[in-house]
Trainee: 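Right, I'll just put the structure down here and ask away after.
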Amino acid sequence: MPIPTTTLPSGTSVPVLGQGTWKMGERRDRFAQEVAALRLGIELGMTLIDTAEMYASGGAEEVVREAITGRRDEVFVVSKVLPSNASRSATIRACEASLTRLGIDRIDLYLLHWRGGVPLSQTVEAFETLKASGKIADWGVSNFDVDDMEELAALPGGQAVAANQVLYNLGNRGIDFDLIPWQRKRGIPVMAYSPVGEGNLAGDGRLKTVAGRHGATPAQVALAWTLRGDGVIAIPKASQEKHVRDNGAAADIRLTAQDLSDLDAAFPPPRRKQPLAMV
């Protein structure tokens with residue numbers, strides 16, 4: 001089955017299941033394997049690829065470059081600027097460096113990796129300059145809580161934010177209380193990183209009963225749970241072929257009301273505001 005899509009505020013349609021690249025590019029002896037994994041994911045419809053200048057100091061972007069060579073038009077590329085590079089001029093330089101490492105002339109979605117000491121207004125100005133020049137198509141943020149999003153939206157140009165990438169999985173679901181409803185109301189997708197809890201949920205016995213109902217693995221159930229609602233994009237990282245195929249198959253799982261009730265009992269939803277979790 002085709003992977004479902006969601007829509008950015010700009011109208012761009014993207015798959016709700018993509019591929020992460022955190023910890024890729026750190027070892028040359030794994031380069032070919034990582035490239036092959038990303039290419040397989042593209043073939044399976046996971047055409048959104050998330051990376052960042054921070055990952056392996058640009059090494060992950062080089063893995064992405066190799067993986068998308070000859071297939072640029074099929075792929076939606078997301079990258080991120082470090083907060084230390086988020087001033088007006090440094091953001092533009094960082095973007096240009098990422099473009100060079102990626103071997104492309106436009107980043108589809110460019111994110112501020114997390115908040116730092118640079119005023120948000122400077123970063124927004126830089127993002128808008130990059131949009132006007134065609135070097136990025138959309139921009140967004142990462143690791144922003146509701147108060148950060150409200151501050152951003154109040155800035156000139158701030159309402160153009162296209163996505164917010166945050167930690168979200170069964171074991172870290174604090175954003176169900178306030179951030180996800182806030183973003184859904186405004187049509188701003190959530191990008192869920194570490195949707196399987198850095199692999200910890202793959203061996204969690206609390207998922208086995210639901211997994212058995214679907215002939216799936218606990219990791220696939222965890223991933224399907226993340227994708228259960230509108231406006232959430234998951235970006236699991238996989239560097240082995242079987243893992244990539246398992247992730248892709250998770251998009252076909254349709255959790256029942258009983259499944260969701262059982263998972264809520266095992267992983268209770270938040271009843272009050274919680275600090276934004278980060279990795």
Side-chain angles (χ1 to χ4, degrees), residues 1-6 14-52 54-56 58-69 71 74-80 102 108-109 111 142 165-172 189-204 207-208 210-211 214-228 232-253 255 279:
M1 293 175 61
I3 291 175
T5 62
T6 193
V14 296
V16 297
L17 181 59
Q19 302 184 80
T21 62
W22 185 31
K23 298 185 179 180
M24 286 190 180
E26 295 179 350
R27 289 176 46 174
R28 295 303 299 180
D29 61 331
R30 293 179 179 169
F31 187 89
Q33 177 184 335
E34 291 166 350
V35 168
L38 291 177
R39 286 178 175 168
L40 175 59
I42 294 169
E43 292 170 6
L44 296 175
M46 293 179 281
T47 54
L48 183 151
I49 299 179
D50 176 84
T51 190
M54 185 188 80
Y55 300 164
E61 290 179 322
E62 293 174 354
V63 174
V64 174
R65 174 180 184 155
E66 185 69 18
I68 68 174
T69 296
R71 309 189 72 164
E74 302 174 51
V75 179
F76 186 90
V77 177
V78 183
S79 194
K80 310 180 198 71
L102 289 162
D108 298 302
L109 178 61
L111 310 178
S142 181
Q165 185 178 126
V166 290
L167 178 67
Y168 184 51
N169 55 55
L170 272 166
N172 294 276
V190 166
M191 297 185 71
Y193 71 79
S194 298
V196 190
E198 296 183 85
N200 294 328
L201 292 169
D204 196 310
L207 295 166
K208 288 184 178 179
V210 174
H214 294 272
T217 66
Q220 287 176 313
V221 169
L223 191 50
W225 177 88
T226 304
L227 298 172
R228 74 198 185 286
V232 177
I233 302 162
I235 47 170
K237 175 250 185 181
S239 56
Q240 297 181 1
E241 179 177 325
K242 183 180 185 304
H243 192 183
V244 175
R245 292 188 183 279
D246 285 349
N247 285 348
D252 295 335
I253 297 173
L255 297 174
V279 174

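Basis for what follows: all heavy atoms, side chains included, without hydrogens, waters or symmetry-related copies.
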Trainee: Is it the case that more than 12 heavy atoms not belonging to E74 sit under 6.0 Å from its CD atom?
Mentor: yes

Trainee: Kindly say whether W225 contributes a backbone atom to a donor-acceptor pair with the side chain of R228 at under 3.5 angstrom?
Mentor: yes

Trainee: Looking at CG of L111 and CE of M191, how far apart are the two atoms once the value is rounded to the nearest 0.5 Å?
Mentor: 6.5 Å

Trainee: Can you tell me which residue among T47, I49, L38 is in a side chain to side chain contact (heavy atoms under 4.5 Å, CB included) with I68?
Mentor: I49

Trainee: Is there a side-chain contact between D108 and V77, using heavy atoms and a 4.5 Å cut-off?
Mentor: yes

Trainee: Would you give the length of the straight line joining atom CG of N172 to atom OG1 of T226, rounded to the nearest 0.5 angstrom?
Mentor: 10.5 Å

Trainee: Could you pull out all residues at least two apart from E34 that satisfy salt bridge (Lys or Arg N to Asp or Glu O under 4.0 Å)?
Mentor: none

Trainee: To the nearest 0.5 Å, how far apart are CD1 in I42 and CG in L48?
Mentor: 10.5 Å

Trainee: Give the table of side-chain donor-acceptor pairs shorter than 3.5 Å for residues 193-204, with sequence neighbours excluded, one pair per line with atom names and distance.
Mentor:
| unit_1 | atom_1 | unit_2 | atom_2 | d |
| --- | --- | --- | --- | --- |
| Y193 | OH | N143 | OD1 | 2.9 |
| Y193 | OH | V279 | N | 3.1 |
| N200 | ND2 | G197 | O | 3.1 |
| D204 | OD1 | R206 | N | 2.9 |
| D204 | OD1 | R206 | NE | 3.0 |
| D204 | OD2 | R206 | NE | 3.4 |
| D204 | OD2 | R206 | NH2 | 2.8 |

Trainee: Grab the two heavy atoms, one from P236 and one from L17, that are nearest each other, plus how far apart they are.
Mentor: CD-CD1, 3.7 Å

Trainee: With sequence neighbours excluded, give me every salt bridge (charged side-chain N to carboxylate O under 4.0 Å, His left out) pair touching residues 41-50.
Mentor: E43-R71, D50-K80

Trainee: List for me each residue that meets side chain to side chain contact (heavy atoms under 4.5 Å, CB included) alongside A238, sequence neighbours excluded, and say none if there are none.
Mentor: H243, V244, N247

Trainee: Taking atom CG of L227 and atom CD1 of I253, what is their separation to the nearest 0.5 Å?
Mentor: 9.5 Å

Trainee: Is there a side-chain contact between H214 and L255, using heavy atoms and a 4.5 Å cut-off?
Mentor: yes

Trainee: Only one of I233, T5, I3 forms a side chain to side chain contact (heavy atoms under 4.5 Å, CB included) with V14, so which one is it?
Mentor: I233

Trainee: Let me see the working for E61 and S79 under side-chain contact (heavy atoms from CB on, under 4.5 Å), right down to the final yes or no.
Mentor: CA-CA 8 Å; E61 290 179 322; S79 194; 2.6 Å; yes

Trainee: Give me each pair satisfying side chain to side chain donor-acceptor pair (under 3.5 Å) with a member in residues 16-27, each pair once, sequence neighbours excluded.
Mentor: T21-T51, R27-D29

Trainee: Tell me whether R245 is salt-bridged to E241, with the criterion being a basic N under 4.0 Å from an acidic carboxylate O.
Mentor: yes

Trainee: Taking all non-hydrogen atoms of both residues into account, name the closest pair between S239 and Q33 and its distance.
Mentor: O-NE2, 2.8 Å

Trainee: Quick check: closest heavy atoms across P218 and K208, and the distance to 0.1 Å?
Mentor: CG-CG, 4.3 Å

Trainee: Closest heavy-atom contact between V221 and A211?
Mentor: CG2-CA, 3.5 Å

Trainee: Please determine whether side-chain contact (heavy atoms from CB on, under 4.5 Å) holds for the pair R39 and E66, giving the CA-CA distance in whole Å, both sets of side-chain angles, and the decisive distance to 0.1 Å.
Mentor: CA-CA 9 Å; R39 286 178 175 168; E66 185 69 18; 3.8 Å; yes

Trainee: Quick one: list whatever passes side chain to side chain contact (heavy atoms under 4.5 Å, CB included) with D246, sequence neighbours left out.
Mentor: Q220, K242

